[in-house]
Protein chains: 2
Amino acid sequence: MRPTVYDIAAAAGVSLATVDRVLNRRPGVRLVTREKVEAAIRDIGYIRDVAAANLAKGRVYPLVFILPTGDNSFMHGLYGEVRQAMARSTFDRTEIRIVEVPAFDAPALVAALDALQGLDLAGVALVATDAPEVRAAVDRLVTAGIPVVTLVSDLTGSTRHHYAGVDNIGAGRTAARLLGRFLGGCKGDLTILAGSMLVRDHRERLEGFSSVMAAEFPQLRLLPVLEGRDDPEIANRLISEALSGSNSIIGIYSLGAGNRGLLKALKDTGQGRELTVVVHELTEHTRAALQDGTIDAVLNQDAGHEVRSAIRVMKATADGQDVIAGQERIRLDIFLKDNLP
Amino acid sequence: MRPTVYDIAAAAGVSLATVDRVLNRRPGVRLVTREKVEAAIRDIGYIRDVAAANLAKGRVYPLVFILPTGDNSFMHGLYGEVRQAMARSTFDRTEIRIVEVPAFDAPALVAALDALQGLDLAGVALVATDAPEVRAAVDRLVTAGIPVVTLVSDLTGSTRHHYAGVDNIGAGRTAARLLGRFLGGCKGDLTILAGSMLVRDHRERLEGFSSVMAAEFPQLRLLPVLEGRDDPEIANRLISEALSGSNSIIGIYSLGAGNRGLLKALKDTGQGRELTVVVHELTEHTRAALQDGTIDAVLNQDAGHEVRSAIRVMKATADGQDVIAGQERIRLDIFLKDNLP
DNA sequence: AAATTTTTGATTTACGTACATCAGAATTCG
DNA sequence: CGAATTCTGATGTACGTAAATCAAAAATTT
């Protein structure tokens, strides 16, 4: 049988009350006594039964998700996953609140973060816009003792506890190799569509993509990056213009969202052209395009996994536990038309 | 606040004891009373607090993993993951036992399954060998009320509750497309190395691979399947012979385990030849080979995810709860040298 | 209607932990 | 040394559920 608080008391030769004082960092225990109890805890290998403790405490985990607004399928999916997590809140004792902020808007994000100061939260998850002031605001929350995890896009240099998202440099590199190998030895130009260079994930994908392209596929030339702000309308316009303006484009890498617009442009302007296309994020639109051969590969991050992982990590961090590392690694999914879920 | 058993009692106008009798299917409740209580449960939306219930019951989940012996890295990894799960057993109230059976040995598997009859188990997970007698043995366990999940390789037609593994037909198809596209328009022969056609997962991978090859890459010819029994020694011999015997081989698909032997053959016999290689299962050997360019892609199933998923599903099935479907889907991981974890 | 059986209620203990209260012991201070 | 302070113990309640016991009520049978 797993040892209990009673076993600690017996082993340390103290009363239950004292054990409790030590376990819950309550005052009124002499140093020598405290050490005696802590030694007993180690000796008998006591592990707190979190379920029982939570029951006794009536513990709930108030969590906040700060999500960007945006009319693209990926964000819709992310919202959906958070809402599903809210539906499960009775089971896992969470109380989830969603805070919406405009996309790519650092000041708004900072304001949202600072508004959380002083609230009794078990964790904050945010899709980070990469800016020094955001980093500072995150650090303030961390200093205040609130677990913070970044979601989808990281904020390196900050003191956030965890990042629940994919390795975006690796994603960009992978996209480059897929495009490069799929194109065989063909020579030509590649168009890159990004959302915004303000978010770290997009910058990193581009970085990874460019470096593999330069090193291993020199016959492919990268055209200047188009910024579509993850907006289908803008993406459509930019890609249409690019395709109309050049005949040497043989491939496209879309590293952000708003692929609905890209696909429309491919249908309208790219008609009849032999294009190899790799995009990010599996949505109903990209799935259909993958199936009908309009695009060749989709790189994806599982939003559901990201949200669930973020919640697990925030809860564990909140009560000082550790997590199963392998379980919290967010994988880059590569979808061809043959392995769609 | 979430409703409790007291709220049911009040709502139904009965005593706590009666509520308990209904909730735990204990005898001694008239039909009308039972229905009154059940109506109240629905009305107030009562959900049992499983943590509290388990605490009160002192519940543990005795689980059995039936795993094949075998000297290949994938199985070693699987064992390792189960052992890690055993190390976590205090936390999730499991009591895991591993039963070893010879690989590809249906009678042994049947014997192992039947030996579990009558034991008070919360679940059985097995790597299935696909045979009618195994199916029957699994069905017997299911009939006896024990949750059964298949791991890695499925057993369709049986009444197993769940399959914790990848879609192997899709995996084969994906391998075919990767090989086909990576080879550009080249014409030539492909060698296929399997473990055994006795296990469903290998048969399915081959089936998916063959169908995509036939339909979309007619310039590539498939050589007869080599069966290496997931054994590095045998794989080495078979591949060496194949490469020595033919100069028209331009690609290899290894759909089973034992890739250590394949890699040795590639190094010894395949020296200097331009081969495009796709293999299954990420191990230290295939990882290194991917990195140094010996192989081009690795398809993988995350053994850790499979084991954890199997445990979650068995526990949930054991107490009649449902699971988060998306969380239990085992994905086919595609690794290029750029997205290695 | 009495005797019997079946249902139901009331109450208690337990699971492992948290937390509060109060009395008594040990320590420190003056 | 006694008084004040700090520590420690003993005890009880709570969380939400399970499970057992015994008495009382209701239903059924005779």
Side-chain angles (χ1 to χ4, degrees), chain A residues 1-41 44-61 89-93 95 122 318-321, chain B residues 1-41 44-61 89-93 95 122 318-321:
Chain A
M1 279 305 289
R2 182 169 164 174
T4 73
V5 283
Y6 293 92
D7 300 316
I8 304 176
V14 300
S15 76
L16 217 56
T18 302
V19 172
D20 178 68
R21 289 181 184 112
V22 173
L23 277 176
N24 296 295
R25 309 177 157 21
R26 266 184 268 278
V29 183
R30 252 190 317 168
L31 187 63
V32 279
T33 317
R34 150 160 287 127
E35 279 167 351
K36 209 166 53 178
V37 173
E38 279 163 350
I41 291 176
I44 66 175
Y46 169 82
I47 316 161
R48 187 195 238 102
D49 183 330
V50 188
N54 281 346
L55 176 62
K57 274 196 285 215
R59 176 103 157 94
V60 286
Y61 299 84
S89 56
T90 22
F91 295 104
D92 43 41
R93 314 186 87 92
E95 259 174 13
D319 33 52
Q321 291 207 294
Chain B
M1 279 303 287
R2 182 169 164 174
T4 74
V5 283
Y6 295 90
D7 300 316
I8 305 177
V14 300
S15 77
L16 217 56
T18 302
V19 172
D20 179 69
R21 289 181 184 112
V22 173
L23 277 177
N24 296 294
R25 310 179 155 24
R26 265 185 269 277
V29 183
R30 254 191 314 167
L31 186 64
V32 281
T33 317
R34 152 160 286 129
E35 278 168 352
K36 209 167 54 179
V37 174
E38 279 164 350
I41 290 175
I44 66 175
Y46 169 83
I47 316 161
R48 188 198 237 101
D49 183 329
V50 188
N54 281 347
L55 176 62
K57 273 196 286 215
R59 177 107 159 89
V60 286
Y61 298 85
S89 57
T90 23
F91 295 104
D92 45 39
R93 313 186 89 91
E95 258 173 13
D319 33 52
Q321 291 207 293

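As the structure is a computational prediction, the values presented were derived from the model and not from experiment. Just so it is clear: chains get the letters A, B, ... in the order the sequence lines come, proteins before strands, and each one is counted from 1.
Rounded to an integer number of Å, the gap from OH of B:Tyr6 to P of D:dA18 is 12 Å. Between A:Ile8 atom CD1 and C:dA18 atom C1' the separation is 13 Å, expressed in whole Å. Here C:dG16 presents its P atom at 17 Å from CD1 of A:Ile41, a figure rounded to the nearest Å. Rounded to whole angstrom, the span from the CZ atom of B:Arg34 across to the P atom of C:dG9 amounts to 14 Å. We find that CZ of B:Phe91 is positioned 15 Å from C1' of C:dG16, with the value rounded to whole Å. Atoms CZ (A:Arg26) and C1' (C:dA20) sit 9 Å apart, rounded to a whole Å.
Residue B:Arg2 places no side-chain N or O under 4.0 Å from the OP1 or OP2 atom of D:dG16.
Residue whose closest nucleotide on DNA chain D sits further toward the 5' end, between B:Asn24 and A:Gly28: A:Gly28. Remark on DNA chain C: of its neighbouring residues B:Arg21 and B:Arg93, the 5'-side contact belongs to B:Arg21, judged by nearest-heavy-atom nucleotide.
For DNA chain D, the residues of residues 11-18 of chain A within the heavy-atom distance limit of 4.0 Å (strictly under) are A:Gly13, A:Val14, A:Ser15, A:Ala17, A:Thr18, sorted by number. Less than 4.0 Å separates DNA chain C from at least one heavy atom of each of the following residues of residues 47-60 of chain B: B:Leu55, B:Ala56.
Qualifying side-chain contact (heavy atoms from CB on, under 4.5 Å) partners for A:Ile44, counting only residues two or more places apart in sequence or in other chains: A:Pro3, A:Asp7, A:Ile8, A:Ala11, A:Tyr46. Taking B:Ile47 as the reference, A:Thr90, A:Phe91, B:Arg2 meet the side-chain contact (heavy atoms from CB on, under 4.5 Å) condition, with sequence neighbours excluded. B:Arg30 meets the side-chain contact (heavy atoms from CB on, under 4.5 Å) test with B:Val32, B:Thr33; sequence neighbours excluded. Every residue meeting the side-chain contact (heavy atoms from CB on, under 4.5 Å) condition with B:Asn54, not counting sequence neighbours, appears here in chain and number order: B:Val50, B:Lys57, B:Arg59, B:Tyr61, B:Arg93.
The two residues A:Arg21 and A:Arg34 make their nearest non-hydrogen contact at O-NH2, 4.0 Å. What you find for B:Val37 and B:Val19 is that their closest heavy atoms are CG1-CA, 4.4 Å. The two residues A:Ala318 and A:Ala122 come nearest to each other via the heavy atoms CB-O, 3.6 Å.
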What pairs of donor and acceptor atoms, side-chain ones from residues 22-29 of chain A against any protein atom, are under 3.5 angstrom apart with sequence neighbours left out?
{"residue": "A:Asn24", "atom": "OD1", "partner": "A:Arg48", "partner atom": "NH2", "Å": "2.9"}
{"residue": "A:Asn24", "atom": "ND2", "partner": "A:Asp20", "partner atom": "O", "Å": "3.4"}
{"residue": "A:Asn24", "atom": "ND2", "partner": "A:Asp20", "partner atom": "OD1", "Å": "2.8"}
{"residue": "A:Arg26", "atom": "NE", "partner": "A:Asp20", "partner atom": "OD2", "Å": "3.1"}
{"residue": "A:Arg26", "atom": "NH2", "partner": "A:Asp20", "partner atom": "OD1", "Å": "3.2"}
{"residue": "A:Arg26", "atom": "NH2", "partner": "A:Asp20", "partner atom": "OD2", "Å": "2.7"}

Contact list (N/O, under 3.5 angstrom) for nucleotides 26-30 of chain C vs protein:
none

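Residue-level contact check: B:Asp20 touches the bases, meaning some heavy atom is under 4.0 Å from a base atom.
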